[in-house]
Structure formats: C-alpha cells, structure tokens
Amino acid sequence: MMFLAQDPTLQDFGHDTWWLVLIKVVAVFAFGMVCTLLGVWFERRVVARMAVRPGLNQAGPFGLLQTLADGLKGAFKEDIMPRTADKVVFFFAPTVAVICAMTSMSVIPFGPMVSIFGHRTPLQVTDVPVAVLLILACSGMAVYGIVLGGWASGSTYPLLGGLRSSAQMISYEVSMGLSVVAVFMLSGTMSTSQIVEAQASGKEYELFGATISAPGWYAILLAPSFIIFFIAIVGETNRAPFDLPEAESELVAGYMTEYSSLKFLLFMLSEYVAMVAMSAATATLFLGGWRAPAPITTIWAGANSGWWPLLWFFIKVVLLVFVFVWLRATLPRLRYDQFMRLGWRVLLPINLVWILSLAALQVYRDPETGDGKYVILGGFLVGIVLLALLWPSGKRAPGKPLEEQIKSRPPGSFPIPPMDLQVPPSPRARRAVAEREPANVGAGSGGDRADKES
C-alpha cells in the first residue's frame, strides 16, 4: 500500500474491477450503519450530559452495547399489522426511506486517490457531473417512505404525520437547492470530487481595485448559504426542533404510530442514516470535504495524502452530528405555522437576495462579460429587496383592555379561567348537596316513625 496525494477526476471513475466496487459499496454501507449505531449512542450520551444525568452506562463499557441491546429487543417484539392497512405499501415504506438515505452516500468523496491491493482508485464509490443533484434527489425521495407509511397505515394520526412531512420537504427543499446554487457558481461544477478540489486553497479576488485573499472553505466564503443549507437539512431529516411529522404532543408518534418491531426500527434507522448522510454532504460542499483544516496542513505536509483524509472527514461528520444533537437538547419544538413561515418567508427571500448579490459579484470580477455597472445595478436591486423586507410597518394600534375583550366575545365561546386565580364553586357540587338533603330528611323521619311505633 502506497500513499498518493492526488485529487481524483471524473476520468478516474468507472475503471475499477467488480470486486473493488463491491469492497467500496460494502465499506460505505458499513460506514453508514456503524455511524448510525454510534450516533444513537452518541446522542443519548450527549443529551444526558447536557441534562446533567448519567445516561447510558450499564450495557457494555460506557453503555456502548445499549444500542445493540435495544435493536435486539425491538427485533423480537411482536410485529403488528393494522386491519385497514395496505399490506404491501405498509411493508415496503420503511425500506424506501433507508435505501434513499444510503444511496446518497455513494457519491460522497471520503478521500483522495489511494492504492488498494495494488489498484489505484479514489476513496469514493462513484462520481458523476451532476452528483450533487443525486444527493438532492435522494433527499427528496426519502420523504416518500414517510408519506407512504403514513397513508398505508389506515389511521388518522399517521396520515397527518405523512402530510406534514410532504409539506415540510417541499418548503425546505427549495431553500436547500438554492443554497447549493451558490456552491455551483463558485466551483463551476456539480461533481462532489471537483467541489472538494475547488476548496483546496484560498483564492484572491479583486474588488474595487483592491486584492482580497479569501479562504477556500465555502462555509466561510458562502456563510449565508452554509447556514441556510444546514437549517434546511435539519428540516429535511425531521430532526428537532423540526420533528413535526412525529410530534408526540399532537400526533402520538406521527407516521410511525402503527409500526412495530423491525419496521419501526427501520424508520428510526432511516432518520439517523439521513442525519449522517446530510452531515457528510455538508462537510463535502462547505467544509472542504476530506481535506484537513489549514493549521494542520501548514504543520504537516502529508496530512491530505494516503488514508489520513478518512480521519479528517470522520471528525467533520461527527462535529456536524453533534450540532444536530445540540439542537435537540437545546431548542423546543416549533409550532407548525412558525416552521412553515421560517421556510417560505425568511429563508427563501434571504437566499434569493444572497444569490442575486453573489451573481453580481461574479459578473463584476469577470473581465470578459462585465464591469462596474453590473455591481451598481445588483447593489441597487439588493437594496430595494432588503428595504422592502425590513421596512417597518408602523406602530400597531393599542389593543383593547382585557375586560372589553371578554365582554365583546360572542355567546357560547369557550370559558376563560379567572384572572385572580380563584376558582368559583362548581354548580354540580351545589346540585349534589341539594339532592342529598331530601335523602337525609327521609332517613331521619323514617327513623323517628320507627321509634314511635315501637
């Protein structure tokens, strides 16, 4: 095995032997499964630490075998099939979500060109000129498993959870796709391996006659796109605080209410696989992929060669998964109207304005197609949009006092609890006392009559 420091190109794919492709596929599947098992354990340990409680510490060292024990327990539980369920769709719906999440990892680059048993190959299953679109397509297709599972259950709560998930996917798929457009504009490609190569080193830009050196990671160059993309993938994966399709407070358990045993475990597995896959996609698109950060590369010249990039990539994925867990342990669940408003009225306008500004800068720095007038025009349009979004709507009229609001309510409205915290006596209690009085009198009179007769 020799170490090669070379970025793969699109011409390096499609030439591997069948057994090498099989090794890559099995390795990616194992990576997803191991990260999922460790992700469940990691989340429960981190949330327990944030909540100042012990967490998993009984099954195995540090509770590492607890997830395996839970999986075995769930597998041996009774598998229940509702009478009104569509049995075929009900059976295959969980597998759709898992397969889509696993498929998206096939175009994720895990490292550079390496030598495996004497064969020179990239640490990536495959790559195509539109690999990022494949990731977006798999993310959009995964919702079909949730929607079909909710519909095929033949129950109300699962159906509502499936409909919520479809609306959630439509809302945040738009913002996620627009945030990736900025990456395409800077890298000039949709290939994941080429996007990683485009972040290899910083670039110099000339703005108004001044030369500005910018870092290579798109998380810094395209910070708005990075933030919007991460918010969108949290919504896409149904993770807290956006876990509205399975909200226990109003939907019992949402789309998975009627599922049990292995089918329930597959739905849980698909959520964690999607979380790992989206974290890997975020690291690829915005955090330099498998490349080590700048402090390490300046100290160690061989940090990005051989098998070491696997370590840097795994560390980035773990840090992003930690942010998923951090959000779950910190933020409460949003209301459904708040969640939809965030996607359509906040993220989408900000994304459009940002892409317009970035396009203006791209045209300005291209000496063949543009000059300063495009920057002025773009800045003017951006200013108009921002002014329209941030323009104050004026002071609101003072509301009516509470007493007037209560008096103006229509008859038959829902009763309002007392503001002084004094609960009035129940009319039912007075009626019960009134009903008991004749019984007591009757008993007393009957007893007196018995005494007189004796």
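Predicted model, so just to flag it, every value in this text is computed and none were measured.
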Item to check | Residue Phe322 excluded, over 12 heavy atoms near CZ under 6.0 Å | outcome: yes
Checklist entry - Are Trp307 and Leu123 close enough, and set up right, to give a side chain to side chain contact (heavy atoms under 4.5 Å, CB included), and what steps lead you there? => result CA-CA 9 Å; Trp307 296 85; Leu123 280 178; 3.6 Å; yes
Checklist outcome for this item: Of all heavy-atom pairs linking Val147 and Gly162, the shortest is CG2-O, 3.4 Å
Checklist entry - In chain order, what residues pass the side-chain hydrogen bond (donor to acceptor under 3.5 Å, both in side chains) check against Arg328, with sequence neighbours excluded? => result Glu43
Checklist entry - Are any of the side-chain heavy atoms of Met278 and Ile135 separated by less than 4.5 Å? => result yes
Next on the checklist: I'd like to check the side-chain hydrogen bond (donor to acceptor under 3.5 Å, both in side chains) partners of Arg335; sequence neighbours left out, ordered by chain and number.
Outcome noted: Asp337
Checklist entry - Does atom CH2 of Trp300 have more than 12 heavy-atom neighbours from other groups under 6.0 Å away? => result yes
Checklist entry - Is any side-chain heavy atom of Leu342 closer than 4.5 Å to a side-chain heavy atom of Gln338? => result no
Checklist entry - Does CZ in Phe13 sit with more than 12 non-hydrogen atoms of other residues, nucleotides or ligands closer than 6.0 Å? => result yes
Checklist entry - Roughly how far, to the nearest 0.5 Å, is CD1 of Ile108 from CG of Leu134? => result 9.0 Å
Next on the checklist: Could you check whether any side-chain N or O of Ser260 sits under 3.5 Å from a backbone N or O of Ile80, counting only pairs where one atom can act as donor and the other as acceptor?
Outcome noted: yes
Checklist entry - For atom OH of Tyr157, is the number of surrounding heavy atoms from other residues, nucleotides or ligands below 6.0 Å larger than 12? => result no
Next on the checklist: Quick check: closest heavy atoms across Met50 and Ala329, and the distance to 0.1 Å?
Outcome noted: SD-CB, 3.5 Å
Checklist entry - Does Arg45 make a cation-pi contact with Phe62, if we ask for NZ or CZ under 6.0 Å from the ring centre and within 45° of the axis? => result no
Next on the checklist: Would you compute the distance between atom CG of Leu356 and atom CG of Asn351 and round it to the nearest 0.5 angstrom?
Outcome noted: 11.5 Å
Checklist entry - Excluding sequence neighbours, so at least two apart, what forms side-chain hydrogen bond (donor to acceptor under 3.5 Å, both in side chains) with Ser191? => result Asp127, Ser193
Item to check | Distance-minimising heavy-atom pair for Gln168 and Gly235 | outcome: NE2-O, 2.5 Å
Checklist entry - So, for Ala280 and Val317, which heavy atoms are closest and what is the spacing to 0.1 Å? => result CA-CG2, 4.0 Å
Next on the checklist: For the CG atom of Leu319 and the CD1 atom of Ile315, what is their distance to the nearest 0.5 Å?
Outcome noted: 7.5 Å
Checklist outcome for this item: Rounded to the nearest 0.5 Å, the CD1 atom of Ile116 sits from the OG1 atom of Thr121 at a distance of 5.5 Å
Item to check | Min side-chain heavy-atom separation Val96-Met141 under 4.5 Å | outcome: no
Checklist entry - Using the benzene-type ring in the case of Trp, are the ring centres of Phe324 and Tyr272 under 6.0 Å apart? => result no
Checklist entry - Should the heavy atoms of other residues, nucleotides or ligands under 6.0 Å from CH2 of Trp19 be counted, would the total exceed 12? => result yes
Checklist entry - Is there a donor-acceptor pair closer than 3.5 Å between any side-chain N or O of Ser165 and the backbone N or O of Gly161? => result no
Item to check | pair Trp290-Asn304: side-chain heavy atoms closer than 4.5 Å | outcome: yes
Next on the checklist: Using 30° and 60° as the class boundaries, would you call the ring planes of Tyr255 and Phe267 parallel, tilted or perpendicular?
Outcome noted: perpendicular
Checklist entry - Heavy-atom distance under 4.5 Å between the side chains of Ile228 and Trp354, does that happen here? => result no
Checklist entry - Side chain of Gln194, backbone of Ser187: donor and acceptor closer than 3.5 Å? => result no
Item to check | Criterion side chain to side chain contact (heavy atoms under 4.5 Å, CB included) on Thr17 and Phe117, from CA distance to verdict | outcome: CA-CA 12 Å; Thr17 58; Phe117 300 114; over 6 Å; no
Checklist entry - What about Phe314 and Phe110, are their ring centers closer than 6.0 Å? => result no
Checklist entry - How far apart are the C-alpha atoms of Leu347 and Tyr172, what are their side-chain angles, what is the distance that settles it, and do they pass the side chain to side chain contact (heavy atoms under 4.5 Å, CB included) test? => result CA-CA 9 Å; Leu347 297 184; Tyr172 283 80; 3.6 Å; yes
Item to check | CD on Gln199 to CG on Leu221, rounded to 0.5 Å | outcome: 8.5 Å
Checklist entry - Is it true that the side chains of Thr192 and Gln124 contain a donor and an acceptor less than 3.5 Å apart? => result yes
Checklist entry - Are the side chains of Trp312 and Ile296 in touch, meaning some heavy atoms are under 4.5 Å apart? => result yes
Checklist entry - Looking only at heavy atoms, what is the nearest atom pair of Ser175 and Gly343, with distance? => result OG-O, 3.8 Å
Checklist outcome for this item: Taking every heavy atom of Arg291 against every heavy atom of Trp217, the minimum-distance pair comes out as O-CZ2, 4.4 Å
Checklist entry - With Phe226, which residues qualify under ring-ring contact (aromatic ring centres under 6.0 Å, His included), at least two apart? => result Phe286
Item to check | Inter-residue atom distance Leu320.CG - Ile233.CD1, 0.5 Å rounding | outcome: 7.0 Å
Next on the checklist: Please determine whether side chain to side chain contact (heavy atoms under 4.5 Å, CB included) holds for the pair Trp41 and Leu64, giving the CA-CA distance in whole Å, both sets of side-chain angles, and the decisive distance to 0.1 Å.
Outcome noted: CA-CA 7 Å; Trp41 170 84; Leu64 283 171; 3.5 Å; yes
Next on the checklist: Just checking Tyr336: does its OH atom have more than 12 heavy atoms from other residues, nucleotides or ligands closer to it than 6.0 angstrom?
Outcome noted: yes
Checklist entry - Any sub-3.5 Å donor-acceptor pair from Asp16's side-chain atoms to Val21's backbone N or O? => result no
Item to check | side-chain hydrogen bond (donor to acceptor under 3.5 Å, both in side chains) partners of Asp70, counting only residues at least two apart | outcome: Arg44, Gln66
Checklist entry - Between Thr237 (side chain) and Val234 (backbone), is there a donor-acceptor pair under 3.5 Å? => result yes
Checklist entry - Does a side-chain heavy-atom distance below 4.5 Å link Tyr259 with Ser153? => result yes
Checklist entry - Who passes ring-ring contact (aromatic ring centres under 6.0 Å, His included) against Trp344, sequence neighbours left out? => result none
Item to check | Contact check, side chains of Pro122 and Lys24, non-hydrogen atoms, under 4.5 Å | outcome: yes
